[in-house]
Every structure is written in structure tokens, then in C-alpha cells.
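Before any comments, here is the structure.
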2 protein chains.
Amino acid sequence: MELELSVDRSSPVPLYFQLSQQLEAAIEHGALTPGSLLGNEIELAARLGLSRPTVRQAIQSLVDKGLLVRRRGVGTQVVHSQVKRPLELSSLYDDLESAGQRPATKVIVNTVVPASAEVAAALGVAEDSDVHRIERLRLAHGEPMAYLCNFLPPALLDLDTAQLEATGLYRLMRAAGITLHSARQTIGARAATATEAERLAEEEGAPLLTMQRVTFDDTGRAVEYGTHMYRPSRYSFEFQLLVRS
Amino acid sequence: MELELSVDRSSPVPLYFQLSQQLEAAIEHGALTPGSLLGNEIELAARLGLSRPTVRQAIQSLVDKGLLVRRRGVGTQVVHSQVKRPLELSSLYDDLESAGQRPATKVIVNTVVPASAEVAAALGVAEDSDVHRIERLRLAHGEPMAYLCNFLPPALLDLDTAQLEATGLYRLMRAAGITLHSARQTIGARAATATEAERLAEEEGAPLLTMQRVTFDDTGRAVEYGTHMYRPSRYSFEFQLLVRS
DNA sequence: GTAGTTCGATTGTCCGGACATTTGCATTGA
DNA sequence: TCAATGCAAATGTCCGGACAATCGAACTAC
């Protein structure tokens with residue numbers, strides 16, 4: 001196996017990034033089979049005309065992604081795993097769209113309200129200060145799927161109802177220059193109340209999947225707090241957790 | 001602010017790790033307040049008698065943990081976030097114990113069975129090959145909390161019923177030298193069947209929180225597959241998702 | 001044959017330096 | 001007054017080298 005690797009030094013793309021992308025593509029494509037050794041770093045660096053730290057940086061980024069494993073004294077090998085693409089912090093809208101489900105959104109509420117104690121604590125703003133409140137019904141194939149209630153700090157972005165119905169909240173945030181970083185989520189279940197049941201076309205007492213989430217941007221600011229309710233027959237959460245060492 | 005930092009060069013602990021631990025402790029302890037600059041890398045390196053790459057490695061590890069943010073041309077600052085400790089891949093047993101709940105386990109089944117198609121696919125073993133099957137009832141304060149059904153590949157570790165009742169599965173795996181790396185989880189909800197209801201002291205049709213998980217070690221091997229059912233009144237999932245870039 | 005030892009291979013850690021890129025601010029100019 | 005320019009500061013990228021720690025396998029001794 002002679003893996004074709006090359007870097008373009010005239011490109012503004014960092015060299016280590018070029019290399020890591022090529023390696024990732026090779027793994028994804030099957031050119032590098034699970035369990036196979038990657039060849040030692042020194043030789044790889046020499047072959048590409050790069051220094052060892054640069055090669056290490058490329059490899060390390062793939063190790064962090066869980067695609068490679070390094071073993072001292074042995075070498076670096078491709079992980080032997082079914083899981084190719086770790087699931088990340090995702091948007092329900094994007095999830096549905098990439099699943100080919102043609103999502104639709106109906107905005108029920110889009111207003112500004114004083115923050116309750118709960119919302120204020122989650123967003124890190126003063127109690128009774130103004131926050132956006134939006135409530136949406138998310139549908140797929142015309143069937144209700146989830147009821148979404150979100151709160152956003154003021155002056156973060158302008159929430160146009162038409163835009164909210166055309167796309168997802170995360171996408172609007174990214175478009176407004178907000179870099180999402182992490183989210184703290186709580187997932188539970190409970191029986192539907194009468195009003196919830198009606199909104200979601202379920203019966204009273206039917207099990208609902210609930211999710212509460214606070215999303216943070218890269219500066220650690222809370223940019224969104226939400227309480228969502230999903231129909232468990234239509235949706236379940238799928239994600240990958242990594243051990244942090 | 002004169003943060004006290006020092007490294008011990010005679011220690012076998014890597015220098016970058018010593019530094020990152022001290023910085024993390026300072027953030028946790030409040031000596032470094034959110035939003036405050038960390039001082040530039042060059043000066044920090046000089047003060048500690050370290051090279052810049054070593055200091056960068058320490059800082060980078062904290063950036064990966066979400067505690068710091070770097071901005072080119074500005075500096076490195078402490079993240080302004082309520083979330084101090086990102087939740088990691090956790091064990092129900094440990095969760096309960098650290099919450100002071102004195103967990104107990106009752107082993108219902110502990111045997112070896114041929115792998116069904118579903119189990120074989122999850123664990124990456126041949127269909128009908130031998131796998132361990134354990135079913136456990138997890139209690140807290142004497143109250144049933146969850147019903148856990150797990151499958152493990154053979155010859156991974158010996159599953160002693162007494163040990164299983166004394167501690168959690170993850171802890172047994174770690175003690176056997178298995179380095180857990182990641183887990184793919186699916187969380188959903190549904191109504192309890194009659195037998196499930198009886199096991200968990202719920203009523204038939206009551207909402208249950210369900211979780212399916214495949215856990216991988218650092219070589220990418222699947223080391224555990226499980227189907228769990230939780231009483232939503234007693235337990236909910238709380239975790240933090242990071243955006244992977 | 002088996003257990004212990006040695007040795008080569010490979011990654012882990014660390015250094016000191018160089019230049020590029022981006023940011024924020026002060027200065028300058030219209 | 002306001003916008004454009006220039007400058008300093010900080011992180012981003014990259015280099016080439018050095019030594020340490022660990023693993024696996026071949027080898028040796030019993």
C-alpha cells in the first residue's frame with residue numbers, strides 16, 4: 001500500500017491540516033483499513049518534506065477525533081471501530097433535513113418577555129430583564145414531531161418569524177456570527193398533559209421525551225436556553241460521548 | 001494578581017501536565033476569574049523556565065476542555081461560563097454514588113448466551129458466538145431505579161455476580177485494564193410493558209426512559225452493549241456535548 | 001522448553017527559535 | 001468628526017533537534 005500524500009506549501013491552509021484531511025479521507029475511503037499501521041512519524045515526515053511536530057499535530061487531531069490510536073513503541077494505527085463519524089452537537093432541523101425528512105416549523109410565539117428566575121439563571125442574565133421567547137412546533141412530513149420552547153438573551157440576533165419558519169435556530173445563530181461551542185443537556189421523560197397531547201397529536205398520559213438545553217458559544221456565554229418535548233415514536237437522541245482524560 | 005505557578009522538573013509527571021493542572025485548579029478555585037487574561041505565552045514560559053511549546057501544550061489541553069479561549073492578537077482568557085466540569089461518559093453506579101445515593105445492584109441474570117443478530121452487530125462478533133449476558137436491577141435507597149441488560153464479548157473479563165452486586169460494570173472494566181474511550185448512545189422513551197412495570201414498581205403504560213449504548217475502548221473495540229430502562233421520576237440524563245471542529 | 005534479558009523501533013516530552021497572521025489601538029489624514 | 005493607515009502585541013504555524021519511556025520481539029541462559 002503506497003498511500004498518496006502530498007502537501008501544497010503555497011496554500012494558506014495549514015500544512016498539518018492538509019495532512020490530517022488527507023489521512024481522514026483515506027480512512028473514510030477505506031484506503032487505510034482498520035488496524036493497519038500508519039508508518040512511523042519520522043519516515044512520514046521525511047516523505048512529505050515536513051517536520052515531525054507538524055506530522056504529529058496532524059495525527060494528534062485525528063487521535064482526538066477517535067480515528068487513530070497511538071501506542072508508544074508500537075506505532076499509530078487506524079481504529080477498528082464501526083463508529084466513523086462521532087455525532088456532534090446537532091440541530092433538530094439539520095438532523096431532520098439530512099435524514100431527508102423535509103422539516104417544517106410553525107412559530108406559535110415570538111415575543112419578548114421578562115426573564116423568570118429559571119430562565120435568568122440558565123442564561124446568566126438578571127431576573128426580569130428582557131429575553132426573547134419563541135415557541136415552535138416542528139413537523140416532519142406534516143406530522144408534529146416536537147414542541148420547542150426557547151429563550152434567548154436580548155440583542156443577540158433579530159428573530160424574524162419568517163426566518164424561523166424557513167430554517168433552524170442554530171443555523172440562524174451561526175449566520176449571525178455566533179460560534180457555538182457546547183451545550184449542557186438534560187434528557188428525561190414524562191407523561192403528556194392534556195395541552196401537550198393536543199399540540200403533538202398524542203393522547204393524554206402518553207410518554208414524551210423531554211430535553212432541556214443551555215447552549216454556550218466559544219466565549220462561554222449562554223446563547224440559548226430551551227425546553228423541548230419530542231414524540232418518542234418519531235424521535236430519539238443519538239450521540240456519542242467521549243471520555244475526557 | 002500574581003498567580004503562583006511552579007513546576008517540578010524532577011517529577012515524572014510531564015511539565016505541561018503539571019502546568020495545566022495548576023491552571024485548572026486556579027480556575028476552579030477562583031484565583032483566575034472568568035474573562036481575565038492569562039498573560040502571554042512568551043512571558044509565562046519565561047517566568048516558569050519552560051519553553052513556549054510546553055506552555056502552549058498545557059494551555060491547549062485546557063482549551064480542549066472548554067476552560068480557556070484563545071484569540072489571536074488578544075490573548076488567552078478564562079471562559080465565562082457556569083459550566084465548570086463538562087460531564088463525561090459516566091457510569092450510573094458512579095453517578096449515584098457521587099450523588100450520595102448509596103446504590104445497590106441485584107443481579108437477575110449472569111450467563112453466557114449465543115449472540116443474536118442485534119447483539120452481534122453491536123459488538124462486532126459473529127452471530128451465535130458466545131457472549132456474556134447480564135441483567136441487573138439498580139436500586140437507590142431501596143427503590144428500583146433502572147433495569148439494565150448488558151452484553152459483553154467473551155474473554156474480556158470474568159463477571160462475578162458478587163462483584164457485580166458490589167460495584168458498577170465500568171469500574172470492573174477499568175480494573176481489568178480496559179481503557180474506555182467513547183460510547184454511542186440512543187436515548188428514547190416509551191410506555192412500560194406489564195413485566196417492565198412490575199420490575200420497576202411502576203404501572204403499566206407509565207413512561208420509561210430508555211437507553212441503548214455501545215461502549216468502545218481506546219482501540220475501537222466494542223466492549224459492551226446494553227439496553228437500559230430508567231424510571232423518569234428517579235433519573236434523567238445530564239451531559240455536555242461539544243462541537244467538534 | 002521456558003523464563004529472563006537485551007535491543008531496536010516508535011511514540012512522548014521538551015527545547016529554542018523563526019516567521020506569519022490576526023487583533024486592537026493609536027495615529028494620521030481628509 | 002470620521003475613516004484609513006500603521007504599529008505593537010499576541011497567538012498560529014513550522015522547523016530541526018535531543019533525550020526519555022515504552023513496547024515487542026529476538027535472543028540467551030537455565
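Per chain, numbering begins at 1; letters A, B, ... match sequence-line order.
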(request) Answer with yes or no whether the side chains of Asn110(A) and Thr161(A) bring together a donor and an acceptor at under 3.5 Å. (result)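 Yes, a side-chain donor-acceptor pair sits under 3.5 Å.
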
(message) For a side chain to side chain donor-acceptor pair (under 3.5 Å) check, start with the C-alpha distance between Asn150(A) and Arg136(A), then their side-chain angles and the critical distance, and finish with the verdict.
(response) CA-CA 8 Å; Asn150(A) 289 87; Arg136(A) 294 169 294 165; 3.0 Å; yes

(message) Below the 4.0 Å mark, does dG12(D) have OP1 or OP2 next to a side-chain nitrogen or oxygen of Arg70(B)?
(response)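 Checking Arg70(B) against dG12(D): at least one side-chain N or O falls below 4.0 Å of OP1 or OP2.
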
(message) Both Pro12(A) and Thr76(A) contact DNA chain C. Which one's nearest nucleotide lies toward the 5' end?
(response)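 The residue closer to the strand's 5' end, by nearest nucleotide, is Thr76(A).
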
(request) Considering only NZ, NE, NH1 and NH2 on the basic side and carboxylate oxygens on the acidic side, decide whether Glu165(B) and Arg138(B) come within less than 4.0 Å. (result)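 No, no charged N to carboxylate O under 4.0 Å.
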
(message) Taking Arg70(A) first and then Glu41(A), would you say they form a salt bridge - that is, a charged N and a carboxylate O separated by under 4.0 Å?
(response)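 Looking at Arg70(A) and Glu41(A), the cut-off is met.
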
Donor-acceptor contacts, no H, no angles, side chain residues 71-79 of chain A, under 3.5 Å, sequence neighbours left out:
| unit_1 | atom_1 | unit_2 | atom_2 | d |
| --- | --- | --- | --- | --- |
| Gln77(A) | NE2 | Gly35(A) | O | 3.2 |

(message) Is any side-chain heavy atom of Gln185(A) closer than 4.5 Å to one of Phe239(B)?
(response)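 Yes - at least one pair of side-chain heavy atoms lies under 4.5 Å apart.
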
Mind calculating the distance between [atom1] ([X]) and [atom2] ([N]) to the nearest angstrom?
{"X": "Glu43(A)", "N": "dT11(C)", "atom1": "CD", "atom2": "C1'", "answer": "15 Å"}
{"X": "Gln18(B)", "N": "dT13(C)", "atom1": "CD", "atom2": "P", "answer": "12 Å"}
{"X": "Leu38(A)", "N": "dT11(C)", "atom1": "CG", "atom2": "P", "answer": "8 Å"}
{"X": "Glu41(B)", "N": "dG12(D)", "atom1": "CD", "atom2": "C1'", "answer": "9 Å"}
{"X": "Asn40(B)", "N": "dG12(D)", "atom1": "CG", "atom2": "C1'", "answer": "14 Å"}
{"X": "Ile42(B)", "N": "dG12(D)", "atom1": "CD1", "atom2": "C1'", "answer": "11 Å"}

(request) Could you run through nucleotides 13-21 of chain D and give me one letter per nucleotide, 5' to 3': B if any protein heavy atom sits under 4.0 Å from the base, S if only the sugar-phosphate is that close, - if neither? (result) BSBB-B--B

(request) With DNA chain D as reference, determine whether Val74(A) or Gln60(B) sits nearer its 5' end, using the nearest nucleotide of each. (result)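 Residue closer to the 5' terminus by nearest nucleotide: Gln60(B).
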
